[in-house]
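Worksheet for the structure shown next.
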Number of protein chains: 2
Amino acid sequence: MTVSADYLKDALETLKDSGVRITPQRHAILEYLISSMTHPTADEIYKALESRFPNMSVATVYNNLRVFREVGLVKELTYGDASSRFDFVTHEHYHIICEDCGKITDFQYPGLDEIEQFASHVSGYQISHHRLEVYGLCPECANNKVN
Amino acid sequence: MTVSADYLKDALETLKDSGVRITPQRHAILEYLISSMTHPTADEIYKALESRFPNMSVATVYNNLRVFREVGLVKELTYGDASSRFDFVTHEHYHIICEDCGKITDFQYPGLDEIEQFASHVSGYQISHHRLEVYGLCPECANNKVN
DNA sequence: TTCTAAATTAATAATCATTATTAATAAATA
DNA sequence: TATTTATTAATAATGATTATTAATTTAGAA
Ligand SMILES: [Mn+2]
Ligand SMILES: [Mn+2]
Ligand SMILES: [Zn+2]
Ligand SMILES: [Zn+2]
């Protein structure tokens, strides 16, 4: 069994355990999220599935992405003006975002928890989590600049 | 001269050097941003100034916040659904955000640049900057929870 | 100073991602 | 099978932000 299939199987299990019905639309959205490496927007998911589900509503995509987020299957990546992007949750990782083409690349970095300790110490907050993103030019876009 | 007045003087200088006219509206928005410790939204700025400028348009606030951002006087803090918040640029700092009341507290942390090195190394990106926020409960909200 | 061009403002319309509403449909359960 | 509940699809509403445009103000030239 492929890794993707494993992820999907576990995800469906999580839904079942949470009492969420597994509809064809939900199955397809999850499948697409897991297979996609591009952190798609709700609209991209909608468009990718419209051939298989010609009369699925875009609201259904939004609704189900929220359901997935609430049971912890999906993380929503929010930015300023543009639309949210969605990331199927596997391992903890950060993102590098290309300021030219918008590509989002995963990367892992060990031990940023000390900053939570520090922040808690200087502010008195009870810290729950943090968010970190790195911005720059992806190799392709950097290459396009010099040519 | 107070620190605030110094900031304002420098900001007006920056505007003049950039060829941006200093209108009463711009002066007031800058003044409010510098005095405010709350990282206000465009609408909060608009409402705070409406007694002094009864017929200022909210579009003027947005336009001028963009002007200030473009000349580097102001940073725009963007989150998911809610509206952008604006921070007058002084020293480099990060933010701790209360998940209950939305309060934003400044804090400084040394040496997070190594993560940019790391990200560049593993991804091949040309890194320009990063974004970090820490989330949790502010002391007041944490206190309200236990009572 | 007066004239002219450019910048800025105010008012308002438009945009667009997301959410709310609601009636129809499908699934679970008694 | 009958009834309740969840889900969907269609569509309207929301709300922050941007675009448009005419009026006003300002800066610089004559
Ligand atoms: Mn990711
Ligand atoms: Mn700040
Ligand atoms: Zn790129
Ligand atoms: Zn709080």
Side-chain angles (χ1 to χ4, degrees), chain A residues 11-12 14-32 39-71 73-87 102, chain B residues 11-12 14-32 39-71 73-87 102:
Chain A
L12 296 176
T14 300
L15 287 184
K16 198 184 288 179
D17 293 349
S18 311
V20 175
R21 292 183 190 165
I22 298 157
T23 64
Q25 294 89 336
R26 285 177 177 161
H27 194 282
I29 293 172
L30 272 180
E31 216 173 15
Y32 181 77
H39 308 82
T41 64
D43 202 60
E44 283 168 2
I45 297 170
Y46 173 66
K47 286 190 165 54
L49 300 181
E50 78 178 344
S51 57
R52 282 170 60 197
F53 297 86
N55 37 0
M56 178 169 63
S57 170
V58 69
T60 297
V61 177
Y62 277 102
N63 284 338
N64 289 332
L65 287 171
R66 179 169 44 203
V67 169
F68 297 158
R69 174 162 53 78
E70 284 166 355
V71 300
L73 285 177
V74 160
K75 267 192 184 159
E76 184 174 358
L77 313 177
T78 60
Y79 304 103
D81 24 11
S83 30
S84 287
R85 300 190 158 271
F86 295 88
D87 201 359
Chain B
L12 296 177
T14 300
L15 287 185
K16 199 185 287 180
D17 293 348
S18 310
V20 176
R21 292 183 190 165
I22 297 157
T23 64
Q25 293 89 337
R26 285 178 178 160
H27 194 283
I29 294 171
L30 271 180
E31 216 173 15
Y32 182 76
H39 307 84
T41 64
D43 202 61
E44 283 167 3
I45 297 169
Y46 173 66
K47 286 191 165 54
L49 300 181
E50 77 179 345
S51 58
R52 281 171 60 198
F53 296 86
N55 36 2
M56 179 169 62
S57 171
V58 70
T60 296
V61 177
Y62 277 101
N63 284 339
N64 290 331
L65 286 171
R66 180 170 43 201
V67 168
F68 297 158
R69 175 163 52 77
E70 284 167 355
V71 300
L73 285 177
V74 159
K75 268 193 183 159
E76 184 173 1
L77 313 176
T78 61
Y79 304 104
D81 24 12
S83 30
S84 289
R85 299 190 158 271
F86 296 87
D87 201 359

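We name chains A, B, ... by the order of the sequence lines, and we start the count at 1 in each one. The structure presented is a predicted model; accordingly, all values stated were derived computationally and were not measured.
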- Query: What one-letter contact string describes nucleotides 8-14 of chain C from 5' to 3', where B marks a base within less than 4.0 Å of any protein heavy atom, S marks contact via sugar-phosphate atoms alone, and - marks no contact?
  - Reply: SSBBB--

Residues 54-64 of chain A, side-chain donor-acceptor partners within the protein, below 3.5 Å, at least two apart:
{"unit_1": "A:Ser57", "atom_1": "OG", "unit_2": "A:Ala59", "atom_2": "N", "d": "3.1"}
{"unit_1": "A:Asn63", "atom_1": "OD1", "unit_2": "A:Arg66", "atom_2": "NH2", "d": "3.2"}
{"unit_1": "A:Asn63", "atom_1": "ND2", "unit_2": "A:Ala59", "atom_2": "O", "d": "3.3"}
{"unit_1": "A:Asn64", "atom_1": "OD1", "unit_2": "A:Arg26", "atom_2": "NE", "d": "2.8"}
{"unit_1": "A:Asn64", "atom_1": "OD1", "unit_2": "A:Arg26", "atom_2": "NH2", "d": "3.3"}
{"unit_1": "A:Asn64", "atom_1": "ND2", "unit_2": "A:Thr60", "atom_2": "O", "d": "3.2"}

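For the pair A:Glu70 CD and D:dT7 C1', the computed distance is 15 Å after rounding to whole Å. Summarising the geometry, the separation between OH on A:Tyr62 and P on D:dA13 is reported as 19 Å, rounded to the nearest angstrom. For the pair B:Lys16 NZ and D:dA27 P, the interatomic distance rounds to 10 Å; values are reported in whole Å. Rounding to whole angstrom units, CG of residue B:Leu15 and C1' of D:dT26 are separated by 16 Å.
Minimum interatomic distance between A:Thr14 and A:Val71 (heavy atoms only, all atoms of both residues): CG2-O, 4.2 Å.
Listed by chain and residue number, nothing satisfies the salt bridge (charged side-chain N to carboxylate O under 4.0 Å, His left out) test with B:Glu70 (two or more places apart in sequence, or in another chain). Remark: A:Lys75 engages A:Glu92 in a salt bridge (charged side-chain N to carboxylate O under 4.0 Å, His left out) (not counting sequence neighbours). Remark: B:Arg52 engages no residue in a side chain to side chain donor-acceptor pair (under 3.5 Å) (not counting sequence neighbours). With sequence neighbours excluded, no residue forms a side chain to side chain donor-acceptor pair (under 3.5 Å) with A:Glu50. Every residue two or more places apart in sequence or in another chain that forms a side-chain contact (heavy atoms from CB on, under 4.5 Å) with B:Thr41 is listed here: B:Asp43, B:Glu44, B:Ser83, B:Arg85. Qualifying salt bridge (charged side-chain N to carboxylate O under 4.0 Å, His left out) partners for B:Arg21, counting only residues two or more places apart in sequence or in other chains: none.
Non-hydrogen atoms lying under 4.0 Å from DNA chain C are contributed by nothing in residues 39-52 of chain B.
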